[in-house]
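Heads up, the thing below is written out as structure tokens.
In what follows, chains are A, B, ... by sequence order, proteins preceding strands, each numbered from 1.
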Amino acid sequence: MRGKELRRSLSVLPIGTVMKLTSLTARQIRYYESQKLIFPQRSDGNRRLYSLADVDRLLEIKDYLDDGLNMAGIREVYDQKQRESEQRKNQDHQLTDDDVRKILHDEFLQAGGLKTPSAQQPQAPLQKPL
DNA sequence: TTTCTCACA
DNA sequence: TGTGAGGA
């Protein structure tokens with residue numbers, strides 16, 4: 001079933017299609033790209049080509065924005081995800097889903113400008129070697 | 001027609 | 001972010 005993953009990563013959708021799929025404006029979609037949140041391919045006359053994976057990411061970005069995060073905060077979330085993947089490869093220490101959820105939640109609060117300070121929860125005792 | 005970049009309200 | 005200009 002890996003073929004689907006591959007096709008998910010194939011960038012063939014023009015910005016107009018992505019606009020309809022995500023109900024975002026071309027302006028927003030390009031802006032998010034400039035903020036390094038998405039990395040559409042380029043081809044044919046400098047036109048952007050998005051993949052289904054990009055659309056998924058755009059949809060996620062909308063959710064994060066709804067949570068009150070800003071561009072920088074969202075980028076941190078994705079950086080975090082990338083590091084999680086790297087850590088899994090290194091097998092340094094398996095992060096449980098709860099650990100991950102805890103870390104992401106902490107990122108949300110920091111990036112969102114501590115909109116929900118509700119008693120500074122003690123940092124997770126997890127050391128991230130990176 | 002659609003998308004691109006750049007600039008300004 | 002929205003919108004318009006000027007091109008491809």
Side-chain angles (χ1 to χ4, degrees):
Chain A
M1 295 304 189
R2 224 136 295 162
K4 288 186 178 180
E5 299 295 299
L6 259 167
R7 280 179 290 188
R8 255 184 239 297
S9 300
L10 279 184
S11 302
V12 294
L13 311 174
I15 198 167
T17 301
V18 179
M19 285 173 67
K20 293 174 183 173
L21 260 36
T22 63
S23 51
L24 289 169
T25 65
R27 190 73 176 75
Q28 289 176 296
I29 297 171
R30 297 193 190 109
Y31 180 61
Y32 299 158
E33 177 191 355
S34 73
Q35 299 306 300
K36 307 295 171 60
L37 264 40
I38 52 176
F39 313 95
Q41 303 294 303
R42 290 290 190 132
S43 77
D44 175 49
N46 197 41
R47 284 186 162 63
R48 296 177 180 73
L49 292 179
Y50 301 82
S51 66
L52 293 180
D54 289 325
V55 174
D56 274 0
R57 174 158 298 205
L58 251 5
L59 258 19
E60 269 188 57
I61 291 171
K62 291 219 309 176
D63 287 339
Y64 290 138
L65 250 28
D66 198 55
D67 279 348
L69 274 74
N70 50 37
M71 301 294 99
I74 297 172
R75 204 193 331 172
E76 283 188 44
V77 171
Y78 286 122
D79 282 354
Q80 194 71 43
K81 286 190 176 183
Q82 279 183 34
R83 286 173 190 170
E84 285 168 27
S85 300
E86 288 174 22
Q87 285 183 16
R88 283 183 184 174
K89 289 182 181 178
N90 293 328
Q91 293 285 307
D92 267 333
H93 42 218
Q94 290 287 40
L95 288 178
T96 68
D97 285 14
D98 193 60
D99 290 330
V100 174
R101 196 184 63 65
K102 210 166 186 176
I103 294 173
L104 284 179
H105 183 255
D106 187 58
E107 287 298 296
F108 284 157
L109 296 184
Q110 286 185 42
L114 307 137
K115 65 171 181 177
T116 317
S118 64
Q120 294 292 321
Q121 291 298 314
Q123 294 293 312
L126 284 166
Q127 287 299 312
K128 287 169 286 180
L130 251 171

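- For A:Asn46, the side-chain atoms get nearest to B:dT5 when compared with the rest of B:dT3, C:dG2, B:dT5.
- For the pair A:Lys62 NZ and C:dT1 P, the interatomic distance rounds to 11 Å; values are reported in whole Å.
- B:dT1 is unpaired under the criterion used here, namely a Watson-Crick or G-U wobble arrangement in which both key atom distances are under 3.5 Å.
- Here the straight-line distance linking atom CD1 of A:Ile38 with atom CG of A:Asp56 works out to 12.0 Å at 0.5 Å rounding.
- For C:dG2, the OP1/OP2 oxygens have a side-chain nitrogen or oxygen of A:Thr25 closer than 4.0 Å.
- We find the CD1-CG distance between A:Ile29 and A:Leu37 to be 12.5 Å, quoted to the nearest 0.5 Å.
- The 12-atom threshold is not exceeded at NZ of A:Lys36, counting heavy atoms of other residues, nucleotides or ligands nearer than 6.0 Å.
- At whole-Å resolution of the value, CG in A:Leu37 and C1' in C:dT1 are 15 Å apart.
- For A:Asp44 and B:dT3, the CG to C1' distance is 10 Å, given to the nearest whole Å.
- The side chain of A:Arg42 approaches B:dT5 more closely than any other nucleotide in the set C:dT3, B:dT5, B:dT3.
- For the atom pair CD1 (A:Ile74) and CD (A:Gln35), the distance works out to 10.0 Å, reported to the nearest 0.5 Å.
- One interatomic measurement links the two molecules: CG of A:Leu49 to P of B:dT3, which rounds to 11 Å at whole-angstrom precision.
- A:Arg30 comes within contact range of at least one nucleobase, with a heavy-atom separation under 4.0 Å.
- OP1 and OP2 of B:dC6 both lie 4.0 Å or more from every side-chain N or O belonging to A:Tyr31.
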* **Verdict with reasoning, A:Leu69 to A:Ile61, per side chain to side chain contact (heavy atoms under 4.5 Å, CB included)** => CA-CA 9 Å; A:Leu69 274 74; A:Ile61 291 171; over 6 Å; no
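- Sequence order on DNA chain C of the closest nucleotides to A:Leu24 and A:Arg47 puts A:Leu24 first from the 5' end.
- A:Ile29 places its CD1 atom 13 Å from the C1' atom of B:dT2, with the value rounded to the nearest Å.
- One finds no side-chain N or O of A:Arg27 lying less than 4.0 angstrom from the OP1 or OP2 phosphate oxygen of B:dC4.
- Within 4.0 Å (heavy atoms only), A:Gly45 reaches no atom of the nucleic acid at all.
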